[in-house]
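All remarks here apply to the structure that follows.
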Amino acid sequence: MGDTDVTTEPGAPWLIVGLGNPGPDYAMNRHNVGFMVADLLAGRIGGKFKRAGKAQAQVIEGRIGPPGPANRRVILAKPMSYMNLSGGPVTALRDFYKVPTGNIVAVHDELDIDYGVLRLKLGGGDNGHNGLKSMTKAMGPDYHRVRFGIGRPPGRMQVADFVLKDFSSAERKELDYFVDRAADAVEGLVIDGLERAQSTYNS
């Protein structure tokens with residue numbers, strides 16, 4: 001599906017999913033940048049993550065945006081199932097909160113984009129990303145993505161090893177800034193729509 005807003009439903013809640021792996025051993029991995037963005041958004045909303053009933057996820061319910069028509073109800077989620085099983089928890093949350101697929105945003109690491117660069121899109125393939133692969137298998141591809149560039153592994157390092165390593169010391173110098181910008185992009189997408197957010201954040 002193309003980069004349009006046709007599947008969003010203005011009155012429906014939004015489900016913002018930060019993708020990652022649970023547990024302290026993975027916390028600073030490149031693969032966990034979705035969790036990092038979700039944690040920052042949680043701070044902005046002013047809530048704390050809690051277990052989501054039967055869904056294998058942690059969630060916060062809240063609102064983002066200015067008072068008035070642009071204010072949006074959101075459910076912020078971190079699946080606790082490990083990356084390659086993300087589809088189950090996300091589908092359970094979608095069904096429980098009655099969120100249309102077009103109002104779902106997955107925030108994830110992206111190998112084919114330079115470090116810190118953002119790309120926002122609707123639909124498309126999974127590009128080998130196990131979290132997206134699981135989500136698409138569970139509910140189809142027509143959800144939004146905020147893709148956070150981590151670049152390709154150096155030399156002959158395997159992709160699996162690269163994504164499950166912590167950001168380098170050089171990368172960490174700018175990580176907070178890039179995570180903050182990614183959180184801004186999520187808010188822009190939800191409040192202003194995909195096209196406007198793309199024009200601002202797709203650098």
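Residues: numbered from 1 along the sequence shown.
For the pair Ala38 and Gly18, the tightest heavy-atom approach, listed with the atom from each and the gap, is CB-CA, 4.2 Å. Smallest separation of non-hydrogen atoms from Val117 and Arg119: CG1-NH1, 3.2 Å. Minimum heavy-atom separation, Val146 to Val105: CG2-CG1, 3.8 Å. Heavy atoms only, all atoms of each residue included: Ala42 and Leu76 are closest at N-CD2, 3.4 Å. The two residues Met80 and Arg51 make their nearest non-hydrogen contact at CG-NH1, 3.5 Å. Minimum heavy-atom separation, Gly65 to Ile191: CA-CD1, 3.4 Å.
Remark: Leu15 CG to Glu61 CD distance equals 10.5 Å, nearest 0.5 Å. Remark: Ile150 CD1 to Asp114 CG distance equals 11.5 Å, nearest 0.5 Å. Asn21 CG to Leu164 CG: the interatomic distance, rounded to the nearest 0.5 Å, is 6.5 Å. The CG atom of Leu175 sits 9.5 Å away from atom OG of Ser168, with the distance rounded to the nearest 0.5 Å. Atom OG of Ser86 is separated from atom NE2 of His108 by 11.0 Å, given to the nearest 0.5 angstrom. Atom CE of Met139 is separated from atom CG of Asp95 by 10.0 Å, given to the nearest 0.5 angstrom.
Taking the six-membered ring for Trp, Phe35 and Tyr26 have ring centres at least 6.0 Å apart.
Side-chain polar atoms of Tyr115 and Glu174 form no donor-acceptor pair below 3.5 angstrom. Side-chain atoms of Arg63 and Asn71 form a donor-acceptor pair, as typed in the model, at a separation below 3.5 Å. Side-chain atoms of His144 and Asn103 form no donor-acceptor pair, as typed in the model, at a separation below 3.5 Å.
Using a 4.5 Å heavy-atom threshold, the side chains of Val74 and Pro13 count as separate. Tyr201 is listed as a side-chain neighbour of Leu120, based on a closest heavy-atom distance under 4.5 Å. In this structure, the side chains of Ile45 and Ile64 come closer than 4.5 Å at one or more pairs of heavy atoms. In this structure, Tyr143 and Val17 have side chains that are not in contact, with every pair of non-hydrogen atoms separated by 4.5 Å or more. Annotation: side chain of Lys121 is not in contact with side chain of Leu194 (no heavy-atom distance under 4.5 Å). At least one side-chain heavy atom of Phe162 sits under 4.5 Å from a side-chain heavy atom of Leu111. Within the 4.5 Å cutoff, the side chain of Phe96 has no heavy atoms near those of the Ile75 side chain. In this structure, the side chains of Val107 and Val186 come closer than 4.5 Å at one or more pairs of heavy atoms.
If you chain together hydrophobic residues whose side chains sit under 4.5 Å apart, Ile113 and Tyr177 never meet in one group. Linking ILVMFWY residues whenever their side-chain heavy atoms come closer than 4.5 Å, directly or via other members, leaves Leu132 and Trp14 in distinct clusters. Taken together through direct or relayed side-chain contacts under 4.5 Å among Ile, Leu, Val, Met, Phe, Trp and Tyr, Phe49 and Tyr97 form parts of separate hydrophobic clusters. In terms of hydrophobic clustering, with Ile, Leu, Val, Met, Phe, Trp and Tyr side chains grouped at heavy-atom distances under 4.5 Å, Leu189 and Leu118 are assigned to a common cluster. Residue Leu41 is not grouped with residue Leu93 when hydrophobic side chains (ILVMFWY) are merged at heavy-atom distances under 4.5 angstrom, including chains of intermediate members.
Applying the salt bridge (charged side-chain N to carboxylate O under 4.0 Å, His left out) definition to pairs two or more places apart or across chains, those involving residues 29-48 are Arg30-Glu171, Asp39-Lys78, Arg44-Asp180, Arg44-Asp184, Arg44-Glu187.
A donor-acceptor pair under 3.5 Å is absent between the side-chain atoms of Ser134 and the main chain of Gly131, judged by distance alone. With hydrogens and angles disregarded, no donor-acceptor distance shorter than 3.5 Å links the side chain of Arg156 to the backbone of Pro153. A side-chain donor-acceptor contact under 3.5 Å links Arg172 to the backbone of Phe167.
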Candidate pair Asp126 and Lys137, rule side chain to side chain contact (heavy atoms under 4.5 Å, CB included), full reasoning: CA-CA 10 Å; Asp126 57 59; Lys137 183 178 180 182; over 6 Å; no
Steps toward side chain to side chain donor-acceptor pair (under 3.5 Å) verdict (Asn130, His31): CA-CA 10 Å; Asn130 286 331; His31 221 20; 5.4 Å; no
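Under the side chain to side chain donor-acceptor pair (under 3.5 Å) test applied with Asn127, the options Glu110, Arg147, Lys133, Arg145 reduce to a single match, Glu110.
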